[in-house]
Amino acid sequence: MLYHSKKVSCCDATHTEPLHVISGSEDQHIGVFAGTPLALAKSYEDHKNYVNDIKFSPSGAIFASGAGDRRILLFDTKSLAFLKELKDPKNGHQGSIISLSWLNDDILFTASMDKTCKMWDVKTSTVLATCARNELKLLGINDMNHACALFGESLLLSVGLDGFINVWEKASLKADALNLPKTIISGHHGQITSLCWAAKESLLASGDNQSSLCLWREKDGFNFSSTVKVEGGAIVDIKESADGHIYIACSYNTLIKIDSKTTTKVFNVKLDKSPLYIATSKKDPALVYVLIESGALLKIEGEKIKETLKVAPNATALEINEDAEEIYIGDKKGVIHIHSMKDMKEIGNLTEYTYEITCLSYHSASKRLAATDKNKFTYVYDIANRKLIGNEMCGHGGAVWKCTWSPSGMFLATASLDFSVTVYNVDIKPRQQINLNRIHAGGATSVAFKNDECLYTSGNDGLIKEIKVEKYQRKKTLIFPRKK
């Protein structure tokens, strides 16, 4: 079907005979195709800007178009005659019409770049209700809408430029007031870089390379998150503090503490270099250790940097053991350096590795330290005796980025560049493992246990997945794939 001279931006078709197909284009024209085979039956040049959306009513009797000229036009499908323009001088849209959605043949829901959505009475050309994410004076560029839809029979949805989904209940909309959404569904739009299960608040914290921290609460069924936009660049690492709050290490030389209940910033600490890893005390909520790119280890209490130790210019990973008062630092040469917490001096090292250490994870009850490297291997140490337990574990075909223990210490999970996650049962000899192959397109980036039965994984595909360990199968996808 040929008619338009520029890009076709929208189209729709009737679901009953006779078949009609309508299209809108950047050439500002509307085309109507009918017959068997389909041929151009009518064209319209009424709009003065790009036609952004075009939709048939549920019965197919009429169709509507919305465009960058702020106009909504109605046409009769049978006669192909222009009917009228939906125009409410007092309450109508003040920006480009981006999206249309019919509730029934008499009511149309529209989304606009003026940051509002409106419900129209088609017969009287009046606005029945106006919806927006926030009070109009508080709206920003990300609150502009680029899609709207009817979900089921009762919910109205719109999507902002930031990808957040606004949800309104149709029955609760009021004509004489600005209607704020009942719920805002949000998630990640970039590669997820870090996960942390915060047991005190029963929530999953996830961070991405677009500076977004999402808090997924168990009491909400993990169906939507509280999203915090941080001003520190990509989120590198996330840890829970002893009082249940969240520490975030950001690539723009920043450490931020977030109140996990209110999602407000408690404080931020400016660092000399970009952080690589953080390790929080399970006893002192104000104490956190930060490893930065220069090879320095920072001891931070509250908002102040108390001590700085130059450990190694090639340091890559960090973990702490408060029971033995030890700090473990991995480097690019495959050495794990052991420092005393008391005076920060090096007191030993582990040298079984020859490749760059990527992650360290300590389990206090079993006194085991797990380490992963860029050469697909995972090692487990009896840290009290400084001995390697068994042989290296090779459950991956590429670099292993993250590892974490289950609460009991029975399971060890690893995430790899080879798109997979591996779960080892280290209490059974010989060791058992399950490979969750190709679980994340682009590579798995992080893992976090909720308990021994439930594991969360994240990846470069912008997804978080919930794994039931005993059945080794995915239970639920928490986040939709990011737009390509």
Are the side chain of [X] and the backbone of [Y] linked by a donor-acceptor contact shorter than 3.5 Å?
X      : Y      : answer
Ser211 : Gly233 : yes
Asp418 : Gly443 : no
Ser416 : Ala399 : yes
Ser361 : Ala370 : no
Lys261 : Gly244 : no
Thr254 : Tyr252 : yes
Asp208 : Ser212 : yes
Thr308 : Leu298 : no
Arg71  : Ser65  : no
Trp102 : Lys55  : yes

Please give me the minimum heavy-atom distance between [X] and [Y], naming the atom from each residue.
X      : Y      : answer
Lys273 : Glu293 : CB-N, 4.1 Å
Ser241 : Tyr247 : CB-CE1, 3.6 Å
Val236 : Pro275 : CG1-O, 3.6 Å
His20  : Ala34  : CD2-CB, 3.7 Å
Ala315 : Gly295 : CB-CA, 4.4 Å
Cys454 : Val469 : N-CG2, 4.1 Å

Under 3.5 Å, is there a donor on one side chain and an acceptor on the other for [X] and [Y]?
X      : Y      : answer
Ser206 : Trp216 : yes
His440 : Ser458 : no
Thr263 : Ser226 : no
Asn145 : Ser158 : yes
Glu319 : Tyr362 : no
Ser25  : Lys6   : no
Thr262 : Thr264 : yes

Test log, rule side-chain contact (heavy atoms from CB on, under 4.5 Å), inputs Leu161 and Ile141: CA-CA 8 Å; Leu161 288 183; Ile141 188 169; 4.3 Å; yes
Chi angles and distances behind the side chain to side chain donor-acceptor pair (under 3.5 Å) call for His146, Ser99: CA-CA 7 Å; His146 66 85; Ser99 183; over 6 Å; no
Basic-acidic side-chain contact under 4.0 Å: [X], [Y]:
X      : Y      : value
Lys299 : Glu307 : yes
Asp237 : Lys239 : yes
Glu240 : Lys282 : no
Asp243 : Lys257 : yes

Parallel, tilted or perpendicular: rings of Trp120 and His93 (30°, 60°):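 It falls in the tilted class, 30° to 60°.
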Tyr44 and Phe75 aromatic ring geometry - parallel, tilted or perpendicular at 30°/60° bounds: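 Because their plane-to-plane angle lies in the 30° to 60° range, the rings of Phe75 and Tyr44 count as tilted.
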Decide yes or no for [X] and [Y]: does some side-chain heavy atom of the first lie under 4.5 Å from some side-chain heavy atom of the second?
X      : Y      : answer
Thr445 : Asn460 : yes
Leu297 : Tyr289 : yes
Leu150 : Leu156 : yes
Ile467 : Thr457 : yes
Asn179 : Cys131 : yes
Leu136 : Leu178 : yes
Trp401 : Ser446 : no
Leu157 : Val159 : no

Side chain to side chain donor-acceptor pair (under 3.5 Å) between Thr130 and Lys118, worked out: CA-CA 5 Å; Thr130 298; Lys118 296 182 184 290; 3.0 Å; yes
Over 12 non-hydrogen atoms of neighbours within 6.0 angstrom of [atom1] in [X]:
X      : atom1 : value
Lys270 : NZ    : yes
Glu231 : CD    : no
Tyr3   : OH    : yes
Asp121 : CG    : yes
Phe151 : CZ    : no
Lys87  : NZ    : no

Derivation and outcome, side-chain contact (heavy atoms from CB on, under 4.5 Å), residues Leu318 and Tyr328: CA-CA 6 Å; Leu318 170 68; Tyr328 309 117; over 6 Å; no
Steps toward side-chain contact (heavy atoms from CB on, under 4.5 Å) verdict (Val51, Cys10): CA-CA 8 Å; Val51 180; Cys10 52; 4.1 Å; yes
Audit row: Ile235, Leu213, side-chain contact (heavy atoms from CB on, under 4.5 Å) steps and yes/no: CA-CA 8 Å; Ile235 294 175; Leu213 171 73; 3.9 Å; yes
Residue from His189, Arg133, Lys229 passing side-chain hydrogen bond (donor to acceptor under 3.5 Å, both in side chains) with Asp162: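 Considering His189, Arg133, Lys229, a side-chain hydrogen bond (donor to acceptor under 3.5 Å, both in side chains) with Asp162 is found only for Arg133.
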From CA spacing to verdict: side chain to side chain donor-acceptor pair (under 3.5 Å), Thr16, Thr14: CA-CA 6 Å; Thr16 57; Thr14 56; 5.2 Å; no
Derivation and outcome, side chain to side chain donor-acceptor pair (under 3.5 Å), residues Ser408 and Asp452: CA-CA 7 Å; Ser408 72; Asp452 276 16; 2.2 Å; yes
